[in-house]
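Notes for the one structure printed next.
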There are 2 protein chains.
Amino acid sequence: MTALEEYINSFFGIIDPDELAVIADLFKKSSIRKGDYLVESGKICGQLSFVETGLLRMFEMTKDKEITQWISAQGYFSADLSSFLFETPSRLSIQAIEDTEVYSISKKDYLIIGELVPNWHALEKTFILRCFIMLEQRIWTHLSMTAEERYHAFFENNKALFNKVPLQYIASMLGMTPETFSRIRKKQVQ
Amino acid sequence: MTALEEYINSFFGIIDPDELAVIADLFKKSSIRKGDYLVESGKICGQLSFVETGLLRMFEMTKDKEITQWISAQGYFSADLSSFLFETPSRLSIQAIEDTEVYSISKKDYLIIGELVPNWHALEKTFILRCFIMLEQRIWTHLSMTAEERYHAFFENNKALFNKVPLQYIASMLGMTPETFSRIRKKQVQ
DNA sequence: CGTATTTCTTGATTTTTGTCAAGTGGCAGA
DNA sequence: TCTGCCACTTGACAAAAATCAAGAAATACG
C-alpha cells in the first residue's frame, strides 16, 4: 500500500484494495512553498489534500489577530471541509509553514469517486463522522480543562509537532496566548 | 408537512416528499419524564430523537462535576452521534430537564432508510457535515472569545432557552461557572 | 560569517474567571 | 400553609490567564 493509500484508509476506513487504488489515482501531487497558500479565505476550497511532507496551518483572522485552528502534518488531510463539500466561500486560510508536498483531489474528481466506488457515500460519512468526533473531543477540552491541562493533553499526543512548528501557533490552537504557553512549558521542563 | 418532517428536512436537507413520508414513518413518538434518561453513559445510544416538546440535556461526568455539552429544545435532535452510528458505548448521558416528547428512530429502522431511499447516504453526509460545522463554530468561540462574549453570542441566538433551562446548565455548556454566568447576566441587565 | 528578523522568554501588572461560603428567593410537595 | 430543596446571587478572596514591555535566543539570509 502506498503512503497515500494509507492516509486515505486511515480516515475513510477500510476500502477494497482495487477501489482504493482507483481513488488514490485521482489525487495529484503538488508542492507549496513556505508561506504560500493552499486555500485563501473568501474563496472556495477547491481541493482536499493529504500532507506528504511539511506542515500546513489553518487559520482565521479576527479584527486584530490570527487564530490558528489546526496544524496538519504528514498523514493528515487539510481542507475547509464545509467549503469543499458545500462549495461555499472558505472562512479559513491554509498556509504552508514550511515547504510542503501534498496529494490533492479536486472537487470534480472527488465527485467522480461516487460513480466509481459503490459504497463511497458510506465511506464519506465515516470520514466526516470521525472529524466530528475529533471536534467533540476538542470542545470537551475547553469545557473541562485549564490551559495547562490542554497543553499536556496535546503534548502527549503530538510531541513531534513541538520541534517543528512555531509554538505561537500551537498556543493559539489550544486557546491561549504565547506567553501563557511559554510559562506552562517552562514549568514542564523544570 | 408535519412537524417531524420539517425537523428532518431542516437537518438532512431537502428530501423528496414521498421519501420524507417514508422516513418520518419510521420514527416513533415517546415520552420521557422529567429527570429520566434517554441515553445513559456507558451504554450504546440506540436511537436518534427529535424533540417535539420539552428539553433534553446532554452531559458528561468528570471526576467531580457534570459538564453539560448541549441542550436540545423543540426541533433539535438529540443523540450521541458517534455511539449511534458506530455502536460504541456512549460517553454522554441524555436526560430530560422537563417532561419531554420525542420522535425516535431505532438503529435498525435507521438502517432500513438506506434501502428505501436511494440517495440516503448523501443526506446523512449532509446531516453530519452540518453537525460538524456547528462544532467548528463552537470551537471558534472558545479560541477567540471571552466568557462574556460567548454569553452574548449564545444569548442572541437562544433567548428563549434562558427562561426555560436551569441557567447553570447553560453556564456549563458555555464553559464557565454558574457564578461567572450570574455576574455577566447582572451586567447585561443593568 | 554577521546581521536582520522572527520567535520565544521573562517580569510586572491588570483583568478575567474560579472558588468558597453565605444568603435569598421561588417552588414543589407533604 | 409550611417546609425543605434547589437554583440563583452576592461578596471576599485566590488562582488563572491576558497584556504590556523588554530582552534573549533562534533562525534566515545576504
Side-chain angles (χ1 to χ4, degrees), chain A residues 32-36 54-55 57 59 62-68 71 95-100 139-155 159 161-190, chain B residues 33-36 54-55 57 59 62-68 71 95-99 139-155 159 161-190:
Chain A
I32 310 155
R33 279 288 178 78
K34 174 174 177 173
D36 285 354
L55 291 164
R57 176 177 76 104
F59 68 93
T62 63
K63 68 176 182 311
D64 55 357
K65 59 174 182 277
E66 282 177 9
I67 293 184
T68 297
I71 294 162
Q95 188 183 31
I97 294 177
E98 51 186 57
D99 288 356
T100 297
I139 288 175
W140 174 251
T141 67
H142 284 277
L143 297 184
S144 67
M145 296 181 188
T146 62
E148 190 162 350
E149 290 167 333
R150 286 200 301 280
Y151 173 95
H152 286 115
F154 187 77
F155 180 74
K159 288 196 168 100
L161 270 193
F162 285 65
N163 306 317
K164 295 191 289 186
V165 178
L167 300 177
Q168 56 181 320
Y169 297 148
I170 301 180
S172 172
M173 189 180 146
L174 295 176
M176 67 187 83
T177 60
E179 292 94 334
T180 296
F181 187 92
S182 174
R183 289 183 180 110
I184 291 169
R185 201 155 165 261
K186 189 184 176 188
K187 268 198 230 173
Q188 198 189 33
V189 172
Q190 283 170 350
Chain B
R33 279 289 178 77
K34 175 176 176 171
D36 285 353
L55 290 165
R57 177 177 76 103
F59 68 93
T62 64
K63 70 176 182 308
D64 55 356
K65 59 176 183 277
E66 281 177 10
I67 292 183
T68 298
I71 295 162
Q95 187 184 31
I97 293 177
E98 52 185 59
D99 288 355
I139 287 175
W140 174 251
T141 68
H142 284 278
L143 297 184
S144 68
M145 296 182 187
T146 63
E148 189 161 351
E149 289 166 334
R150 286 200 301 279
Y151 173 96
H152 286 115
F154 187 77
F155 180 75
K159 288 197 167 97
L161 271 193
F162 285 65
N163 306 317
K164 295 190 289 186
V165 179
L167 300 179
Q168 54 181 324
Y169 297 148
I170 300 180
S172 172
M173 188 181 146
L174 295 177
M176 66 187 84
T177 60
E179 292 94 335
T180 297
F181 188 91
S182 176
R183 289 182 179 110
I184 291 170
R185 202 156 164 259
K186 192 181 175 192
K187 267 198 228 173
Q188 198 189 32
V189 172
Q190 283 169 351

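Lettering of chains follows the sequences in order, A, B, ..., and the numbering in each one begins at 1.
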- Query: Would you call B:E98 and B:R33 a salt bridge, taking side-chain N to carboxylate O under 4.0 Å as the test?
  - Reply: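 No, B:E98 and B:R33 are not salt-bridged.
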Nearest whole Å is fine: how far is [N] [atom2] from [X] [atom1]?
| X | N | atom1 | atom2 | result |
| --- | --- | --- | --- | --- |
| B:K164 | C:dG26 | NZ | P | 22 Å |
| B:R150 | C:dG18 | CZ | C1' | 13 Å |
| B:L174 | C:dT16 | CG | P | 18 Å |
| B:M176 | D:dA16 | CE | C1' | 16 Å |

- Quick one: which of C:dG18, D:dA16, D:dA18 gets closest to the side chain of A:T146?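 From the listed options, D:dA16 comes nearest.
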- Message: So if I take the C1' atoms of five pairs at each end of the helix from C:dC1-D:dG30 to C:dA30-D:dT1 and get each local axis, what angle do the two axes make, rounded to 10 degrees?
- Response: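 Computed angle between terminal axes is 40°.
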- Message: Nearest 0.5 angstrom please: A:I71 CD1 to A:M173 CE, how far?
- Response: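 Here the rounded value is 5.5 Å.
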- Message: Looking at B:R150 and B:M145, would you say the former's side chain and the latter's main chain have a donor-acceptor pair under 3.5 Å?
- Response: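 Yes; at least one donor-acceptor contact below 3.5 Å.
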- Task: Could you tell me whether the side chain of A:Q188 and the main chain of A:R185 form a donor-acceptor pair under 3.5 Å?
- Result: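 No.
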Please write out each protein N/O paired with an N/O of nucleotides 24-30 of chain D under 3.5 Å, distance rounded to 0.1 Å.
none

- Query: Do the side chains of B:T62 and A:W140 get nearer than 4.5 Å, heavy atoms only?
  - Reply: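 Yes. Closest side-chain heavy atoms under 4.5 Å.
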- Given the side-chain rings of A:Y151 and A:F162, with only the six-membered ring counted for Trp, is the space between their centroids under 6.0 Å?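 Centroid distance A:Y151-A:F162: below 6.0 Å, so yes.
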- Can you find a side-chain donor-acceptor pair between B:T68 and B:R57 that sits under 3.5 Å?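 Checked: B:T68/B:R57 side chains pair up, N/O donor to acceptor below 3.5 Å.
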Provide a list of protein-nucleic acid N or O atom pairs under 3.5 angstrom, restricted to nucleotides 8-10 of chain D.
unit_1 : atom_1 : unit_2 : atom_2 : d
D:dC8  : OP1    : B:L167 : N      : 2.6
D:dC8  : OP2    : B:L167 : N      : 3.1
D:dC8  : OP2    : B:Q168 : N      : 3.1
D:dT9  : OP1    : B:R185 : NH1    : 2.5
D:dT9  : OP2    : B:S182 : OG     : 2.8
D:dT9  : O5'    : B:S182 : OG     : 3.2

